[in-house]
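Below: the structure, in structure tokens.
Computed from a predicted model, the values in this text were never measured in an experiment.
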Amino acid sequence: MEITDLTPAERRVWQAFSVGRGVDFTDSGDGGAEAGASWGPERTVRAAVIRALLIGGPVGDGEIAGLKLTGARITGRLDLGYGSIDHPVRLRSCHFEEVPHLYGAQIRALVLSDSVLPGLSAATLRVDGVLRITGCRVTGPVRLQGAKVTGAFFLDGAHLGSPAGASAPPPSTGAADGPAGEPVLQLNHAEIGTDVWAVGLVAHGQVRLDGATVGGRVNLEGAELRAAGGTALQAESLTVGTDLNALRLCAHGRVVLSGARIPRHLNLAHARLSRPDGEALSADSCVVGELWLRDAAPITGTVDLRRSQVEFLHALPDVWPERVRIDGLSYRTLAPHLPAEQRLPLLEREAEGYLPHSYEQLTSAYRVAGDDAAARTVQLTKLRRHRGTLIWYARWWGHLQDAAVGYGFRPVRAAGWLLLLLLIGTTAFTFCEPRPLKPGEAPDFHPLVYTLDLLLPFVGFGQENAFTPRGAWQWLAYLLIVTGWILATTVLAGITRALSRQ
């Protein structure tokens, strides 16, 4: 392109490029980049001119060339596909009429902050510095699949996609909107050297990070992801170096973190997750250092945490929905520390019904916290739920063990029953003394000792074999012998169970 072909606005940009000087077309009353369609030729630059500068533009002696353009209307399609750009590109507060095409390009740094675009096609892009779309308004999909950014990716305050029911942008040759249902941000299998910074992001459609690798953290603090009835955040097998911060995240749609690796914090404190007609949070098979749901709103929709490993889990009971899937979920520490009665209802919401592992995991967490009483309560509840899965005679025996000694977790009950039976037997045999089997050889009769001899199957005081009751009192003796055996058996089972847990 010859210099004589340039408009005055383009000439300013051309001359500034060689020395890396910025050109600013902004006007305090111009309405920002959203009003860029109405800007005239005095601030219009053709995409072909920008391409010519970046591919083979002039470089001043001893100068560092670079494109620094603010407040311009860029017409035509900016096509840098497969190009190798040795200069930083900063196009701030610009209005793009067509989707920039950067597929397979290599570039030093790319800054599009506060610009308005109908989309961005930059799959497999290579950026040697930072990539910024901070504050951008992008109506179509941002395609960054397989991109590699050595620095950080900034999209804080960006608005991606169009709200449902909003008027569609004018069609363009750049295929801005893509197929129906296409994610508005496609960062799947991308590699980001440091952070993904998306504080205050607003996305009307799916944000996809499947298989992405982020060296630092993903920060979605205060982000609003809207994909009602669909998937708002798709991040299967996401790997981050430190944290996924979703503090105050508002997600209208499914959040998928299946298989994610987050060594430090998955922070969903104060978050609002909602998908009433299905799964709101799918985080199965994850490995997470700490999962925080502190002060989060009650989740609307089901939660799937199956087979995930969490070292520290902070969640109040009222955050969980009516239906959960937690089979195989393991955690070491559970906070805040609450009585077992407040934690147990969650285990009854398991979609698969009774699952013993969930009770064992909760028991283990209470033991780590040193709360053995709560651990015993969880185990007792587990046995009661297990009883409902047994055949009738096993359920009957379970009810008997529960009533007698609480499956061995309530040993004081056995003492109470024994005292009651001892009182009944002693009173009865005081008024109706059994006759001796061998008169003249029998020892003196003691009602208390005789009753103890009937009740305790493993102890003999010589009274039971020396005397025999008459009539109905003989049936009382049989009852004391049977109940004594039952109490002894259940207590022994409880002791055995307790020892096996040590």
Side-chain angles (χ1 to χ4, degrees), residues 339-341 344 354 359 363 366 371-502:
E341 291 78 8
L344 283 166
Y354 167 71
Y359 290 87
T363 299
Y366 276 118
D371 193 343
D372 290 333
R376 289 193 295 271
T377 299
V378 175
Q379 284 293 295
L380 177 57
T381 305
K382 170 195 168 186
L383 291 168
R384 287 171 175 169
R385 285 206 67 191
H386 175 65
R387 185 173 65 209
T389 67
L390 304 176
I391 57 178
W392 68 269
Y393 57 83
R395 288 198 301 270
W396 177 86
W397 177 245
H399 279 294
L400 191 58
Q401 291 188 82
D402 193 1
V405 290
Y407 286 100
F409 293 102
R410 301 290 184 264
V412 176
R413 289 186 187 177
W417 284 111
L418 285 171
L419 287 174
L420 178 61
L421 293 171
L422 184 61
L423 178 62
I424 292 173
T426 300
T427 303
F429 294 124
T430 297
F431 292 101
C432 184
E433 183 177 326
R435 67 176 185 271
L437 291 174
K438 295 180 180 181
E441 297 182 11
D444 294 338
F445 179 75
H446 294 283
L448 176 63
V449 178
Y450 180 70
T451 304
L452 280 173
D453 219 351
L454 294 174
L455 283 172
L456 303 178
F458 307 117
V459 179
F461 296 103
Q463 293 277 310
E464 180 183 359
N465 296 328
F467 299 91
T468 181
R470 298 183 297 273
W473 303 111
Q474 188 174 15
W475 289 104
L476 175 60
Y478 293 156
L479 176 62
L480 292 175
I481 292 171
V482 171
T483 53
W485 271 101
I486 292 174
L487 286 172
T489 303
T490 53
V491 169
L492 184 61
I495 293 173
T496 303
R497 191 179 297 114
L499 291 174
S500 68
R501 293 193 303 269
Q502 301 303 317

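Ile481 contributes atom CD1, which lies 5.0 Å from atom CG of Leu454 (distance to the nearest 0.5 angstrom). How far OG1 of Thr426 is from NE2 of His446: 12.0 Å, rounded to the nearest 0.5 Å. Separating the CG atom in Leu421 from the OG1 atom in Thr483 is a distance of 4.5 Å, to the nearest 0.5 Å. For the atom pair CH2 of Trp473 and CD of Glu433, the computed distance is 13.5 Å after rounding to the nearest 0.5 Å.
Residues forming a side-chain hydrogen bond (donor to acceptor under 3.5 Å, both in side chains) with Tyr359 (at least two apart in sequence, or on another chain): Arg385. Residues passing the side chain to side chain contact (heavy atoms under 4.5 Å, CB included) test with Leu452, sequence neighbours excluded: Leu422, Leu456, Phe461. Take Trp475 and apply the ring pair (Phe, Tyr, Trp, His ring centres under 6.0 Å) test, not counting sequence neighbours, and it matches Tyr478. Remark: His386 pairs with Tyr354 by the ring pair (Phe, Tyr, Trp, His ring centres under 6.0 Å) rule, at least two apart or across chains. For Phe429, the ring pair (Phe, Tyr, Trp, His ring centres under 6.0 Å) partners two or more places apart in sequence, or in a different chain, are Tyr450. In this view, Glu341 and Pro339, Thr377 satisfy the side chain to side chain contact (heavy atoms under 4.5 Å, CB included) rule, not counting sequence neighbours.
For the pair Phe445 and Pro434, the minimum side-chain heavy-atom distance is below 4.5 Å.
In this structure a side-chain-to-backbone donor-acceptor pair under 3.5 Å is missing from Thr363 to Val378.
The shortest non-hydrogen separation linking Thr451 to Leu480 is CG2-CD1, 4.1 Å. Between Leu476 and Ile424 the shortest heavy-atom distance is CD1-CG2, 4.5 Å. In terms of heavy atoms, Leu390 sits closest to Ala394 at CB-CB, 3.7 Å.
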